[in-house]
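So the structure is just underneath, and the comments pick up after that.
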Amino acid sequence: MIRIYNTMSRQIEEFHPIEEGKVRIYVCGPTVYNLIHIGNARPMIFFDTVRNYLTYRGYEVRYVSNFTDVDDKIIRAAFDEKKESSEISERYIAECKKDMEALGVRPADVHPKATEEIDGMIGMIDTLIKKEHAYPAMDGTVYFRSRSFAGYGKLSHKNLDDLRSGERALKVDGAEQKEDALDFVLWKPKKEGEPSWPSPWCDGRPGWHIECSVMSRKYLGAEIDIHGGGEDLIFPHHENEIAQSESCSGGVFAHYWMHNAFLNIDHKKMSKSLGNFFTVRDILEKYDGQVLRFFMLGAHYRSPLNFSDELMESAKTSLERIINCKTNLSYLLTHATGEALTEEETASLQKAGEYRKAFEAAMDDDFNTADAISAIFELVRLANATTREDASLPYLGALRNELTELSGVLGLTLLPLVREDAHTPEDDAWIEEQIVARTAAKKAKDFAKADAIRDALKEKGILIEDTREGVRWKRI
Ligand code: AMP
Ligand code: ZN
């Protein structure tokens with residue numbers, strides 16, 4: 001049974017999806033005006049892992065994550081570069097997708113963009129006005145009437161009268177037209193040079209919060225299982241999403257609210273505005289994407305995580321231990337001959353099964369990836385202690401399968417790390433030597449040896465191709 005900490009109840013709850021065997025997840029995605037930083041990567045990596053684990057547990061998962069492509073920051077970036085807003089957002093959506101791929105984050109089932117969902121937003125705003133949960137002001141700005149929604153404040157556990165309306169909502173012209181300081185913007189009038197769309201109230205653009213309510217309903221239905229994002233989104237963003245969605249539907253919006261803690265640097269939140277950030281791209285120059293992913297999953301998602309070079313180095317060393325273990329198993333597999341498990345091996349596989357159970361118990365316990373990684377290390381220790389040259393094929397195969405499957409749930413491919421020194425001439429010389437040895441083995445009709453050399457190279461990410469011009473190789 002999976003248990004999840006629900007920000008709404010502030011408790012660990014048993015997970016029961018709305019529809020048996022199916023899970024619908026919505027995760028708030030980035031505002032695309034720049035390369036994403038590694039703080040933004042934390043929710044991406046974590047919720048991707050949640051999705052993998054739910055799939056591993058047999059659920060059919062539908063996962064939606066948006067790109068906010070209309071926003072003050074995008075407009076400013078466009079102004080600075082003398083470009084259209086859409087050019088900026090399209091560029092950074094493409095860059096973000098590259099980063100996600102490098103981090104092993106699979107694309108969502110749908111990645112809606114705010115600018116492509118304007119009609120739906122106008123429709124929802126219209127419904128909210130009709131239900132008297134929203135009102136247009138003189139200049140065409142439409143506000144949500146926060147006090148009209150009885151549950152306002154329930155997610156952030158804030159008392160209505162203590163609440164200050166969120167920063168993003170306050171920073172609009174005409175804020176004095178609000179009936180109440182708590183009211184937030186659903187639609188705002190256009191300004192010169194900004195992207196805008198016609199609406200019944202004025203030419204303008206949506207406020208930030210409405211897009212997620214609309215996209216979530218459109219792609220997942222009015223009631224969803226899990227809604228996720230970083231903890232900075234609890235208020236006002238998610239509080240406002242709930243107010244909009246529930247005022248519209250009359251039912252529950254999301255059953256489980258999950259929020260990751262911050263990625264910090266010197267114990268301060270990493271953010272663009274503080275300037276204390278590294279982009280994912282910066283890190284990928286030095287490390288394979290798997291290392292960053294492994295580093296992120298080394299802490300529980302609700303614990304703040306401090307970024308440092310030392311911790312990244314130690315993540316790299318730990319991950320290499322797992323990869324080396326897999327490489328070694330693959331190597332042994334290329335010349336194992338024993339067809340049957342020995343008694344000793346059978347007992348070892350039983351132990352391996354226990355480690356899989358420990359992995360599952362950790363992940364069931366509110367996605368405790370840190371403990372799940374410890375279970376993988378138990379498996380590595382077992383493999384290192386029990387595999388010898390004469391180990392049987394089924395034993396080696398089963399261990400390798402355990403290792404790759406559990407690591408795969410965490411999104412780790414265990415492919416050899418792309419290293420800074422991967423292209424040194426020494427390395428290339430070694431590869432050439434292997435190729436010469438393989439060719440010699442083939443000449444001597446020792447095809448088993450030739451294949452073993454080829455496979456061992458492949459495990460290191462080097463692919464050999466026999467062509468008419470001779471043997472070629474490339475790194476994959
Ligand atoms: P933004 O582009 O600022 O809307 O953020 C996109 C996602 O990244 C949201 O879920 C944020 O909560 C999350 N996020 C931003 N900064 C951090 C950070 N330093 N640590 C963890 N999550 C963050
Ligand atoms: Zn959102």
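When a ligand or atom number is given, it counts from 1 through the structure's own listing order.
At under 3.5 Å, not a single nitrogen or oxygen of P30, backbone or side chain, sits near a nitrogen or oxygen of ligand 1. Considering backbone and side-chain atoms alike, G39 places an N or O below 3.5 Å from some N or O of ligand 1. Checked against a 3.5 angstrom limit, the closest N/O atoms of N40 and ligand 1 fall inside it. The shortest N or O to N or O distance between M270 and ligand 1 is under 3.5 Å. Residue contacts with ligand 1: F262 is placed with no nitrogen or oxygen under 3.5 Å of a nitrogen or oxygen of the ligand (distance criterion only).
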Original post:
Where do H227 and Y256 land on the ring pair (Phe, Tyr, Trp, His ring centres under 6.0 Å) test, with the steps shown first?
Top reply: CA-CA 6 Å; H227 194 116; Y256 301 87; over 10 Å; no
Subject >> Evaluation steps, ring pair (Phe, Tyr, Trp, His ring centres under 6.0 Å), between F295 and Y287 >> reply: CA-CA 11 Å; F295 161 78; Y287 294 99; 9.4 Å; no
Subject >> Evaluation steps, ring pair (Phe, Tyr, Trp, His ring centres under 6.0 Å), between F367 and F15 >> reply: CA-CA 12 Å; F367 305 97; F15 177 65; 8.2 Å; no
**OP:** Begin with the C-alpha distance, continue with both residues' side-chain angles, and end with the deciding distance and a verdict on side chain to side chain donor-acceptor pair (under 3.5 Å) for T413 and Q290.
**Re:** CA-CA 8 Å; T413 58; Q290 283 185 89; 3.3 Å; yes
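Heavy-atom separations between P43 and ligand 1 include at least one value shorter than 4.0 Å.
Counting heavy atoms from C-beta outward, C28 and H238 have side chains that approach closer than 4.5 Å.
With a 4.0 Å cut-off on non-hydrogen atoms, A261 touches ligand 1 through its backbone and not its side chain. Residue H37 touches ligand 1 through its side chain alone, judged by heavy-atom distances below 4.0 Å. Residue-level proximity to ligand 1 for D232 is carried by the side chain, the only part with a heavy atom below 4.0 angstrom. Only the side chain of N260 comes within 4.0 Å of ligand 1, judged by heavy-atom distances. At a 4.0 Å heavy-atom cut-off, ligand 1 touches L233 through the side chain alone.
The backbone N or O of E95 sits less than 3.5 Å from a side-chain atom of R281, completing a donor-acceptor pair. In terms of modelled atom types and a separation under 3.5 Å, the side chain of D203 and the main chain of S196 share no donor-acceptor contact.
When each of R3, K357, R57 is checked for a salt bridge (Lys or Arg N to Asp or Glu O under 4.0 Å) with D364, only R57 meets the rule.
Summarising the local packing, CD of E60 is surrounded by 12 or fewer heavy atoms from other residues, nucleotides or ligands at distances under 6.0 Å.
Atoms of ligand 1 lying under 4.0 Å from at least one heavy atom of T31, given by number and element, are 2 (O), 4 (O). Short contacts between ligand 1 and G230, defined as distances under 4.0 Å to a heavy atom of the residue, involve ligand atoms 10 (O), 12 (O).
Aromatic rings of Y33 and Y92 (six-membered ring for Trp) have centroids beyond the 6.0 Å cut-off, not under it.
Geometrically, R147 does not engage Y152 in a cation-pi contact, judged by NZ or CZ lying under 6.0 Å from the ring centre and within 45° of the ring axis.
Note on residues 96-124: pairs passing ring pair (Phe, Tyr, Trp, His ring centres under 6.0 Å), not counting sequence neighbours, are F67-H111.
By the criterion of a separation under 2.8 Å, the protein N/O/S atoms near the Zn ion (ligand 2) amount to C28 SG, C212 SG, H237 NE2, E241 OE2.
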